[in-house]
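Dumping the structure here so I can ask a few things about it.
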Amino acid sequence: MFEKDLLKNKTVIITGGGTGLGKSMAQRFGVLGAKLSICGRRKEVIDTAVQELKESGAEVLGQQCDVRSGEDVQRMIDETVTKLGPVSVLLNNAAGNFISPTERLSENAFRTIVDIVLTGTFNSSMAAQKVMKENGGGVMLNIVTTYAWTGSGYVVPSACAKAGVLAMTRSLAVEWAKYGIRTNAIAPGPFPTEGAWTRLVPPGLKIEKRMKKRIPLQRFGEHEELANLASFLISDGASYINGEVVTIDGGEWLKGAGEFNDLDRIPEIAWKAMDAMRKKKKK
Ligand code: HXC
Ligand code: NAP
């Protein structure tokens, strides 16, 4: 689908790039020629991911960094510039989440998620912006989710934080375009990862079948599908796309939104009977 050297000479930072979707996107960017800088809080997880990513032949830097700390982030970005060169792309992917009835949340529980997702995206964007501005531009890509605009019960801290990231995406797309920085977002629906599934799919309830039924395409997303979209959006092929959020959810959120979408439960025989009645009445 893509030219082999599509991302050659690009230095791409992926926060939370040691696991799940971040690692899958990193893998694809590496194959397409990018230099990779991944970070996360757990050093051993990052070290293992660096070894795996190097197998594709990519130049990879791994760093321990908590995106909630502006100092940590600044150090991570400085080190990236020193070892790999100016930052071309920042993928804000790190996140925290869990399910809980909202009335059971402590203040610290709410703050923890908002700090990782919203403050973390702010810290990383601020530090990357300085480098990009000095070097004539770059790309910011933020991972949100579809409930950033619909909201969702039981994940209220995450919904609030992702809505904030979406607002930040659209705001900075306008404000920082003058520095040659494009800012976009991707809103994935459910893509199985260990991080998300252990925290969001309650054990023993066997809700996966019901989750798939909510999706018009009747299946979860595959990591490769997300990696394709992200590769396009960070590439020069997308050079006029700025301030957009691209949904990749098999049609899930629209199915929940449309008043009559549940009518796909009506069998063909019932539609035929209604049609016959309508025609008879007209006669
Ligand atoms: C209620 C909870 C809780 C839970 C933690 N807390 N888990 N409250 N229900 N299930 C509370 C704690 O009691 C504490 O508050 C506060 O949150 C901080 O918890 P810690 O465990 O001390 O925080 P920390 O060690 O920093 O861990 C952060 C974390 C953890 C977010 C809680 O899950 C984590 O590290 N997550 C990172 C990866 C992740 O979440 N991946 C999934 C992304 S999936 P008190 O008051 O007790 O101190 C995603 C997909 C969305 O975003 C869309 C899907 C379709
Ligand atoms: P994941 O594997 O748990 O990824 C989250 C990553 O963020 C981890 O590598 C984690 O590493 C890192 N992280 C968390 N807190 C951090 C912090 N304070 N500083 C630095 N790194 C931190 O989950 P995932 O499913 O791949 O999620 C990736 C992204 O996709 C997230 O933005 C998520 O909201 C989004 N998303 C996922 C889905 C889905 O269905 N999977 C759907 C919609 C959106 P450490 O714990 O080592 O720090």
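Each ligand, and each atom within it, is numbered from 1 in the order the structure gives. Reckoned from all heavy atoms, side chains included, excluding hydrogens, waters and symmetry mates.
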(message) Would Thr146 count as a contact residue for ligand 2, given that I'm defining contact as a non-hydrogen atom of the residue lying under 4.0 Å from a ligand atom?
(response) no
(message) Students should be able to answer this: which protein heavy-atom is nearest to atom 54 (C) of ligand 1, and at what distance?
(response)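 Result: Leu200 CD1, 4.0 Å.
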(message) Any atom of ligand 1 sitting under 4.0 Å from a heavy atom of Arg68?
(response)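 Arg68: in contact with ligand 1 (<4.0 Å).
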(request) May I ask you to identify the nearest protein heavy atom to atom 43 (C) of ligand 2, giving residue, atom name and distance to one decimal place in Å? (result) Pro188 O, 3.3 Å
(request) Would you check whether Thr112 has a nitrogen or oxygen atom less than 3.5 angstrom from a nitrogen or oxygen atom of ligand 1? (result) no
(request) Heavy-atom distances under 4.0 Å are what count here, so tell me which part of Met211 touches ligand 1: side chain, backbone, both or neither. (result)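 No part of Met211 is near ligand 1 at this cut-off.
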(request) Using heavy-atom distances, let me know which of Ala196, Ala161, Ala109 sits nearest atom 17 (O) of ligand 1. (result) Ala109
(request) Give me the ring orientation class for Trp197 and Phe220: parallel if the planes are under 30° apart, tilted from 30 to 60°, perpendicular past 60°. (result)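 Trp197 vs Phe220 ring planes: perpendicular.
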(request) Kindly give the cluster partners of Leu263, where membership spreads through any ILVMFWY side chain lying under 4.5 Å from a current member. (result)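 Phe260, Ile266, Trp271, Met274, which link up through side-chain heavy atoms under 4.5 Å apart, make up the rest of the cluster.
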(message) Which residue and atom name correspond to the protein heavy atom nearest atom 53 (C) of ligand 1, and how close is it?
(response) Thr145 OG1, 3.6 Å
(message) On a heavy-atom basis, which atom in Lys23 and which in Gly18 lie closest, and how many Å separate them?
(response) CD-O, 3.6 Å
(message) In this structure, does ligand 2 have an atom that sits under 4.0 Å from one of the heavy atoms of Cys65?
(response) yes
(message) Quick test of your reading of the model: are Asp72 and Arg75 salt-bridged, counting only N-O distances below 4.0 Å?
(response)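 Salt bridge: yes.
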(message) I want to confirm something. Looking only at heavy atoms, which of Asn93, Ile99, Ile143, Asn97 is nearest to atom 52 (O) of ligand 1?
(response) Asn97
(request) With atom 46 (O) of ligand 2 as the reference point, say which of Arg41, Met76, Gln63 has the nearest heavy atom. (result)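 Selected option, by shortest heavy-atom distance: Arg41.
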(message) Checking a contact table here: which protein heavy atom is nearest atom 38 (C) of ligand 1, and how many Å away?
(response) Ala95 O, 3.3 Å
(request) For ligand 1, note which part of Arg199 has a heavy atom under 4.0 Å away: side chain, backbone, both or neither. (result)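 The part of Arg199 near ligand 1 is the side chain, not the backbone.
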(request) Just jot down the ligand 2 atoms closer than 4.0 angstrom to any heavy atom of Leu21, in number order. (result) 26 (O), 30 (O), 37 (C), 41 (N)
(request) From the options Pro192, Ala95, Gly22, Cys39, select the one whose nearest heavy atom is closest to atom 14 (C) of ligand 2. (result) Ala95
(message) Just to confirm my output: which protein heavy-atom neighbour is closest to atom 14 (C) of ligand 1, and how far is it?
(response)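 For this ligand atom, the closest protein heavy atom is Asn108 ND2, 3.8 Å.
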(request) Compute the shortest N/O to N/O distance between Arg41 and ligand 1 and return yes if it is under 3.5 Å, no if not. (result)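 Indeed, backbone or side chain, Arg41 has an N or O that close.
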(message) Regarding atom 3 (C) of ligand 1: of the candidates Phe110, Phe191, Trp197, Phe98, which has the closest heavy atom?
(response) Phe98
(request) Under 4.0 Å, heavy atoms only, figure out whether ligand 1 is touched by the backbone of Val155, its side chain, both or neither. (result)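 Val155 to ligand 1: no contact under 4.0 Å from either part.
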(message) Quick test of your reading of the structure: of Thr145, Thr193, Ile143, whose heavy atom lies closest to atom 30 (O) of ligand 2?
(response)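 Nearest heavy atom to atom 30 (O) of ligand 2 lies in Ile143.
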(message) Considering non-hydrogen atoms of the protein only, which is the closest contact for atom 46 (O) of ligand 1, and what is the distance?
(response)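 The closest heavy atom on the protein side is Ser106 OG, 2.5 Å.
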(request) Please check atom 19 (O) of ligand 1 for a protein heavy-atom neighbour under 4.0 Å. (result)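 Given the 4.0 Å limit, the answer for atom 19 (O) of ligand 1 is no, no protein heavy atom qualifies.
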(request) Using a strict 4.0 Å cut-off to heavy atoms of Ile116, name the atoms of ligand 2 that fall inside it. (result) 15 (N), 16 (C), 18 (N)
(request) State the atoms of ligand 2, each with its element, that fall below the 4.0 Å cut-off from a heavy-atom position in Gly189. (result) 40 (O), 42 (C), 43 (C)
(request) Give yes or no for whether the N/O distance cutoff of 3.5 Å, strictly under, is met between Arg199 and ligand 2. (result) no
(request) Report the nearest protein non-hydrogen atom to atom 31 (C) of ligand 1: residue, atom name, distance rounded to 0.1 Å. (result)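 Scanning the protein heavy atoms, the shortest distance from atom 31 (C) of ligand 1 goes to Ile113 CD1, 3.5 Å.
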(request) Examine ligand 2 and decide if any of its atoms is less than 4.0 Å from a heavy atom belonging to Ser158. (result)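 No heavy atom of Ser158 comes that close to ligand 2.
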(request) Please indicate whether any nitrogen or oxygen in Ser158 is less than 3.5 Å from any nitrogen or oxygen in ligand 1. (result) no
